[in-house]
Amino acid sequence: MSLEQKIALVTGASRGIGKAIALRLGQIPGLTVIGTATSEKGAEQISHYLQAENMQGQGLVLDIGVSQNIEQVVAHLLETVGMPGILINNAGITADNLFLRMRADEWSRVIDINLTGTYRLIQACIRPMMKQRFGRIVNISSVVGMTGNAGQANYAASKAGMIGLTKSLAREFGSRGMTFNAVAPGFIDTDMTESLSEEQRMKLLQQIPLGRMGKAEEVASAVAFLVSSEAAYITGEVIHVNGGMYMC
């Protein structure tokens with residue numbers, strides 16, 4: 001399977017894991033990478049780092065919480081570069097709170113972006129994939145979608161839901177030459193984890209057999225494998241990138 005002239009759409013690609021995924025996929029010859037961000041500034045940053053590495057692609061503004069915005073982006077892709085054959089659902093938010101204090105809007109907003117937003121984008125992209133009889137969809141879940149986490153009931157539920165969605169679609173569309181897989185990162189060293197205190201960091205490291213935080217590039221490598229020809233017979237799976245923190 002060649003990825004020549006294929007389009008890869010990566011949501012939440014302005015920083016962290018999404019940026020690492022976009023840069024890793026951009027190394028694949030002939031693959032055009034479209035990264036998305038929720039702001040014009042973020043989209044410009046994506047275009048800039050892709051151009052700086054001489055990679056084909058650009059950044060676009062996309063809010064996966066707004067169906068109309070998804071329709072606009074899909075229409076733009078169709079008119080310019082073509083529809084994606086590879087979709088990486090990485091965009092997500094958190095709104096942490098203890099369950100007894102969690103407001104309804106904190107619950108619904110996280111579910112709407114992380115889980116329903118993933119549903120919206122897959123549904124917008126899937127028909128062209130069916131016609132091409134080719135599609136590689138990777139949903140970025142989380143270790144807490146498997147283990148749960150106090151203070152993150154909404155986030156953990158959304159990430160567990162992504163895994164259920166992945167497995168269901170793998171069964172539904174396998175006959176169309178499409179694969180659906182999930183990658184579940186553990187604690188990854190990004191700007192989001194830099195705010196942890198030294199005490200919090202040490203407690204986390206004690207739970208990780210490898211004794212360190214993961215790198216965004218290590219998550220990106222797992223994603224790149226799942227969209228490659230080497231992984232063409234892998235579908236409905238969850239690849240855990242967590243240093244041994246959770247073993248199923």
Side-chain angles (χ1 to χ4, degrees), residues 1-13 18 21-22 24-36 56-57 60 62 64 67-92 113-141 145 158-184 219-241:
M1 180 194 71
S2 171
L3 295 183
E4 285 283 345
Q5 299 181 331
K6 298 292 184 184
I7 311 298
L9 179 60
V10 183
T11 64
I21 292 171
R24 178 64 184 85
L25 296 184
Q27 296 174 5
I28 299 174
L31 186 64
T32 298
V33 178
I34 306 298
T36 76
Q56 300 179 63
L60 294 176
L62 174 63
I64 62 173
S67 296
Q68 185 178 7
N69 193 195
I70 291 176
E71 293 169 3
Q72 292 169 345
V73 168
V74 168
H76 173 75
L77 292 176
L78 190 59
E79 293 174 3
T80 54
V81 295
M83 287 298 291
I86 297 168
L87 174 60
I88 314 299
N89 288 299
N90 170 70
I113 294 297
N114 297 1
L115 182 54
T116 308
T118 297
Y119 148 80
R120 290 188 188 106
L121 195 52
I122 292 174
Q123 195 167 68
C125 296
I126 204 164
R127 291 188 185 278
M129 293 181 184
M130 289 172 61
K131 291 179 181 178
Q132 297 172 12
R133 302 190 69 82
F134 174 87
R136 297 289 179 265
I137 296 86
V138 180
N139 297 321
I140 306 302
S141 181
S158 72
K159 294 299 185 178
M162 289 178 75
I163 291 173
L165 176 65
T166 299
K167 292 178 178 291
S168 297
L169 296 183
R171 292 186 179 276
E172 193 168 335
F173 293 97
S175 63
R176 301 282 185 160
M178 302 166 61
T179 65
F180 289 79
N181 291 289
V183 171
V219 179
S221 292
V223 172
F225 168 68
L226 288 172
V227 306
S228 72
S229 59
E230 286 83 358
Y233 201 55
I234 298 174
T235 193
E237 291 296 329
V238 183
I239 305 299
H240 296 280
V241 185

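Proximity of I21 to V138: side-chain heavy atoms (C-beta onward) are nowhere separated by under 4.5 Å. Side-chain contact check for F225 versus I234: some heavy-atom pair is nearer than 4.5 Å. Residues V73 and I34 form no side-chain contact, since every pair of their non-hydrogen atoms from C-beta on lies 4.5 Å or further apart.
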Return all side-chain donor-acceptor pairs below 3.5 angstrom for residues 125-135, not counting sequence neighbours, or 'none' if the list is empty.
unit_1	atom_1	unit_2	atom_2	d
R133	NH2	S175	O	2.7

What pairs of donor and acceptor atoms, side-chain ones from residues 165-172 against any protein atom, are under 3.5 angstrom apart with sequence neighbours left out?
unit_1	atom_1	unit_2	atom_2	d
T166	OG1	N139	ND2	2.8
T166	OG1	M162	O	2.7
K167	NZ	G236	O	3.0
S168	OG	G164	O	2.9

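The side-chain hydrogen bond (donor to acceptor under 3.5 Å, both in side chains) test applied to S158 returns N114, not counting sequence neighbours. Among residues two or more places apart in sequence or in another chain, the side chain to side chain contact (heavy atoms under 4.5 Å, CB included) test is passed with Y119 by T116, Q123. A search for side chain to side chain contact (heavy atoms under 4.5 Å, CB included) contacts involving A13 returns V10, A22, I46, Y49, not counting sequence neighbours. Looking at residues two or more places apart in sequence or on another chain, you find no salt bridge (Lys or Arg N to Asp or Glu O under 4.0 Å) involving R24. For the side chain to side chain contact (heavy atoms under 4.5 Å, CB included) test, no residue two or more places apart in sequence or in another chain qualifies with A160. Not counting sequence neighbours, the partners of N90 by the side chain to side chain contact (heavy atoms under 4.5 Å, CB included) test are T11, I17, I140.
Here the closest heavy-atom approach between residue I64 and residue A91 is recorded as CD1-CB, 3.9 Å. A222 and I239 make their closest contact through CB-CG2, 4.3 Å (heavy atoms, listed as atom of the first residue, atom of the second, distance).
Between the CG atom of L115 and the CD1 atom of I163 there is a distance of 11.0 Å, given to the nearest 0.5 Å. To the nearest 0.5 Å, atoms CG (L226) and OG (S221) are separated by 11.0 Å. Taking CZ of F173 as the start and CD1 of I137 as the end, the distance is 9.0 Å to the nearest 0.5 Å. How far CG of L62 is from CG of L77: 9.0 Å, rounded to the nearest 0.5 Å. Here OG1 of T32 is found 4.0 Å from CD1 of I7. Values are rounded to the nearest 0.5 Å. Here the CE-CG distance, from M178 to L87, works out to 9.5 Å after rounding to the nearest 0.5 Å.
The main-chain N or O of R136 is never found under 3.5 Å from a side-chain atom of T179 such that the two would form a donor-acceptor pair.
Each of L31, I28, L9 was checked for a side-chain contact (heavy atoms from CB on, under 4.5 Å) with I86, and the lone residue meeting it is L31.
Each salt bridge (charged side-chain N to carboxylate O under 4.0 Å, His left out) pair with one or both residues in residues 67-79, not counting sequence neighbours, would appear here, but there are none.
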